Amino acid sequence: MLTACRFQLLSGNLPVRLRFATMDEVDVVKGLQNVLDKVLAASSRRPEELQFVKPRLVAVSKTKSVDMIITAYEHGQRHFGENYIQELTEKSINPQILEKCPDICWHYIGHLQRNKAPKIVRISHLYMIETIDSDRIASAVNNSWGGVNAVDPLRIMIQVNTSGETEKSGVELSEASNLVKFVIENCPNLKFVGLMTIGEYGYDVTKGPNPDFLRLVSCREDVCKTLGLSKQSVELSMGMSDDFEHAIELGSTNVRVGSSIFGFRAKKPPVTNSAKEEGES
Ligand SMILES: *Cc1c(COP(=O)(O)O)cnc(C)c1O
């Protein structure tokens, strides 16, 4: 009896749901500010020749609530990343998000199948697809995008498999220039803006620069040399919660950070065959 009374006193009359929402909000604001501070500090540690651009923070909101997205938006965050098309579709047409986040910029960072092209191009406020990794997918998205917006090309990045792990998506390093060339020459509705990689998980940076990030940096050099592009016109999307500062120091212009902003994320359930079509890596 006594225990029950104490509990009542401590927790007051706030409904449980609201108490959690408030805590989430505080944490998201803190998490976001903390990451932004670190992005800024890491940017200033870059060598002179990499100082030409301010890195963009993409807040990866997969599995996280609409309320958390709105909180981050209300504290200035504009770019958000998702890696399931269904989840992104639902969030992008959520009435609260449409009302409160008019300038939201969605990044699709999951694996993309050709048959999903018609669906992804209909997502409102789709800013960029970071995971184009074959000419067939590029063509499919190019054709679909032309049907919904023939005026502004859609920004895309080419995903590169820098770690050579078979379970990771992405074009092989040696094929990156060919795919970029294909997009530039054959996909008028797409705008090539950069290269993206995930890299091996859990690399220990005390061993020196992450070799996967270095490989993406030199891949950009190859692409630029082969196709006559300037380094400044080709972004690098690399770095997640564990290593975004390190990635920025090596030249990342686009970091994709989830759990450091929104908190721990439960591992997704084992992938079934029907769900294998899209998602992580
Ligand atoms: C989930 C995800 C991230 C963010 O991961 P965190 O470790 O939570 O920062 C970044 N990039 C891709 C492609 C992801 O799927």
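None of these values were measured; they are calculated from a predicted model. As the structure lists them, so they are numbered: ligands from 1, and atoms in each ligand from 1. Worth knowing before you read on, the calculation uses all heavy atoms, side chains too, and leaves out hydrogens, waters and symmetry mates.
- Between F213 and H246, the ring-plane angle classifies as tilted under the 30° and 60° cut-offs.
- Using a cutoff of 4.0 Å between basic side-chain nitrogens and carboxylate oxygens, E249 and R45 are scored as salt-bridged.
- Between E235 and R56 there is a salt bridge, with a side-chain nitrogen of the basic residue lying less than 4.0 Å from a carboxylate oxygen of the acidic one.
- Residue E130 places every heavy atom at 4.0 Å or more from ligand 1.
- Close approach of ligand 1 to I109 is summarised as follows: ligand atoms under 4.0 Å from at least one heavy atom of the residue are 11 (N), 12 (C), 13 (C), 14 (C).
- Ligand 1 places these atoms under 4.0 Å from at least one heavy atom of K62: 1 (C), 2 (C), 3 (C), 14 (C), 15 (O).
- Contact check on K91 versus E82 returns a salt bridge, with a Lys/Arg side-chain nitrogen under 4.0 Å from an Asp/Glu carboxylate oxygen.
- Not a single N or O atom of M240, backbone or side chain, sits closer than 3.5 Å to an N or O atom of ligand 1.
- Every atom of ligand 1 is numbered from 1 in the order shown, and the set under 4.0 Å from a heavy atom of R256 is 4 (C), 9 (O), 10 (C), 11 (N), 12 (C), 13 (C).
- Using a 4.0 Å cut-off to heavy atoms of G258, the atoms of ligand 1 that qualify are 4 (C), 6 (P), 8 (O), 9 (O).
- With salt bridges taken as basic N to acidic carboxylate O contacts below 4.0 Å, none links D222 and K225.
- For ligand 1, the atoms lying closer than 4.0 Å to a non-hydrogen atom of N83 are 15 (O).
- A cation-pi contact, defined as under 6.0 Å to the ring centre and within 45° of the axis, is absent between K116 and Y108.
- Taking every non-hydrogen atom of S259 and a distance limit under 4.0 Å, the qualifying atoms of ligand 1 come out as 6 (P), 7 (O), 8 (O), 9 (O).
- In summary, the atoms of ligand 1 found under 4.0 Å from a heavy atom of S241, numbered by their order in the structure, are 6 (P), 7 (O), 8 (O), 9 (O).
- Judged by a 6.0 Å distance limit and a 45° cone about the ring axis, R155 is positioned over the six-membered ring of Y127.
- Of all atoms in ligand 1, numbered sequentially from 1 with element shown, those under 4.0 Å from a heavy atom of V257 are 9 (O).
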